[in-house]
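Below: one structure, written as structure tokens.
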Amino acid sequence: MSLQYLKEAVRDGDTEKLIRYVRLHLGDGNEAAGRKEIDKAWIEALKLLLDVPPTDREFINDTLKEKDAATLAHLFFDLHFYFVKHSGAWIHDGTL
Amino acid sequence: MAHSNDTANEGRQLRPGLWATINERYPGSMITKDDFVPLARPHKPLSEARLSFVSSAGVQPVGTLPFDVAHPVGDYSFRRVPSTATPAGLEIHQIKYPTHGALKDLNVIFPIERLQELAAEGVIGSLTPSLFSFIGYNMDPERFERTLAADIADAVVADGADAVLLSPA
């Protein structure tokens, strides 16, 4: 999908096209795999918090407060791959 | 098969059927170029030419900032790879092609040792000080052409290249 295709989808409010792109991107061209990958990242993040370990809440708060939305969006994608990798179930061919 | 010195193919997009295939899998990805630039003809024998190499394999010197494989629109930066480098000093950061073979022998995707051998044997005159690599996952062909492609082209020219080997991953 081209960037123009995605921008037109944003303009038209066509979330189906956008969701499909995100799944394709995260699933290496496989939409179903991408959907599972998104779930996998969330499950991995959830698992890490079930025992309520100490976390750097101040860092999180400062980051959300101080960084711009685009940087946080970029971080969001990085975090997806981080947790997918952390899960140990890596479907991608290459490495981060 | 199209050939670089086949004048019948000059000015035409090579492998037009490929675009239809990509567009079927990734709707909206069709890329058309009305100002397709024909390949340049060599102006000196290869044995006297300084060759550069440009690859979309995501190869980079160990320790340099990894290519941004997470960004949904792509990474528009490139890395210089010293042409004297050894595979041990290089690594791959990308997630869009199988790297099993390349991790065993980097030359299958980034043939730096083969190029060094060709230079040593005199098949090519020499290599440019740097070879160049980027990741092929880029969603914005206009930005790609205006920034990354132009930046690499400038760097290749500045390195004194007479010819460039382009290799998609």
Side-chain angles (χ1 to χ4, degrees), chain A residues 1-12 14-35 37-38 40-41 44-45 67-96, chain B residues 19 21-33 55-60 62 65-77 90-104 106 108-110 133-148 169:
Chain A
M1 297 179 185
S2 67
L3 187 61
Q4 183 64 26
Y5 178 88
L6 297 178
K7 286 184 174 180
E8 288 173 4
V10 171
R11 183 197 63 199
D12 299 340
D14 193 338
T15 53
E16 289 304 313
K17 285 183 178 177
L18 297 171
I19 290 170
R20 182 165 185 237
Y21 167 69
V22 171
R23 289 173 179 167
L24 286 168
H25 174 52
L26 301 181
D28 274 356
N30 184 315
E31 192 173 353
R35 187 173 185 172
E37 287 292 287
I38 294 168
K40 187 195 297 180
E44 190 64 20
K67 298 298 180 182
D68 62 275
T71 298
L72 294 174
H74 198 162
L75 176 62
F76 193 59
F77 275 91
D78 269 292
L79 287 172
H80 165 85
F81 286 105
Y82 172 86
F83 285 116
V84 165
K85 187 175 183 181
H86 193 275
S87 77
W90 185 252
I91 69 163
H92 304 286
D93 293 312
T95 53
L96 294 174
Chain B
W19 304 115
T21 304
I22 292 173
N23 207 40
E24 185 176 323
R25 188 172 181 185
Y26 297 101
S29 66
M30 182 75 79
I31 300 169
T32 58
K33 285 192 63 62
S55 165
S56 63
V59 171
Q60 55 187 106
V62 173
L65 182 67
F67 284 113
D68 185 358
V69 301
H71 199 292
V73 183
D75 185 340
Y76 298 83
S77 66
L90 303 173
E91 58 189 9
I92 304 172
H93 288 283
Q94 69 74 41
I95 59 174
K96 299 296 185 185
Y97 72 86
T99 52
H100 305 98
L103 293 176
K104 292 179 181 175
L106 188 71
V108 301
I109 194 73
F110 196 86
S133 181
F134 59 99
I135 58 171
Y137 179 78
N138 294 290
M139 290 288 293
D140 188 347
E142 189 278 328
R143 177 187 293 270
F144 178 91
E145 183 173 353
R146 176 169 44 83
T147 61
L148 178 57

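Residue numbering restarts at 1 for every chain, and letters A, B, ... go by the order of the sequence lines.
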Tell me, please, which residues at least two apart from B:Arg146 pass side-chain hydrogen bond (donor to acceptor under 3.5 Å, both in side chains).
B:Glu142
Toward chain B: residues of residues 80-89 of chain A with heavy atoms under 4.5 Å:
A:Phe81
Measure across A:Phe77 and B:Ala70 and return the closest heavy-atom pair with its distance rounded to 0.1 Å.
CB-O, 3.5 Å
For B:Ser56, enumerate each residue passing the side chain to side chain contact (heavy atoms under 4.5 Å, CB included) test, keeping only those at least two apart in sequence or located in another chain.
B:Phe134, B:Pro168, B:Ala169
Turns out that what part of B:Asp68 lies under 4.5 Å from chain A's heavy atoms comes down to side chain
side-chain hydrogen bond (donor to acceptor under 3.5 Å, both in side chains) partners of B:Thr147, counting only residues at least two apart:
none
Partner chain A: residue of B:Arg143, B:Glu91, B:His93 with the largest heavy-atom pair count (under 4.5 Å):
B:His93
How far apart are the closest heavy atoms of A:His25 and B:Val69, and which atoms are they?
CE1-O, 4.1 Å
Examine whether an atom of B:Tyr137 lies under 4.5 Å from a heavy atom of chain A, and if so say whether it belongs to the side chain, the backbone or both; otherwise answer neither.
side chain
Here the pair of heavy atoms bringing B:Ile95 nearest to A:Asp28 is O-OD2, 3.1 Å
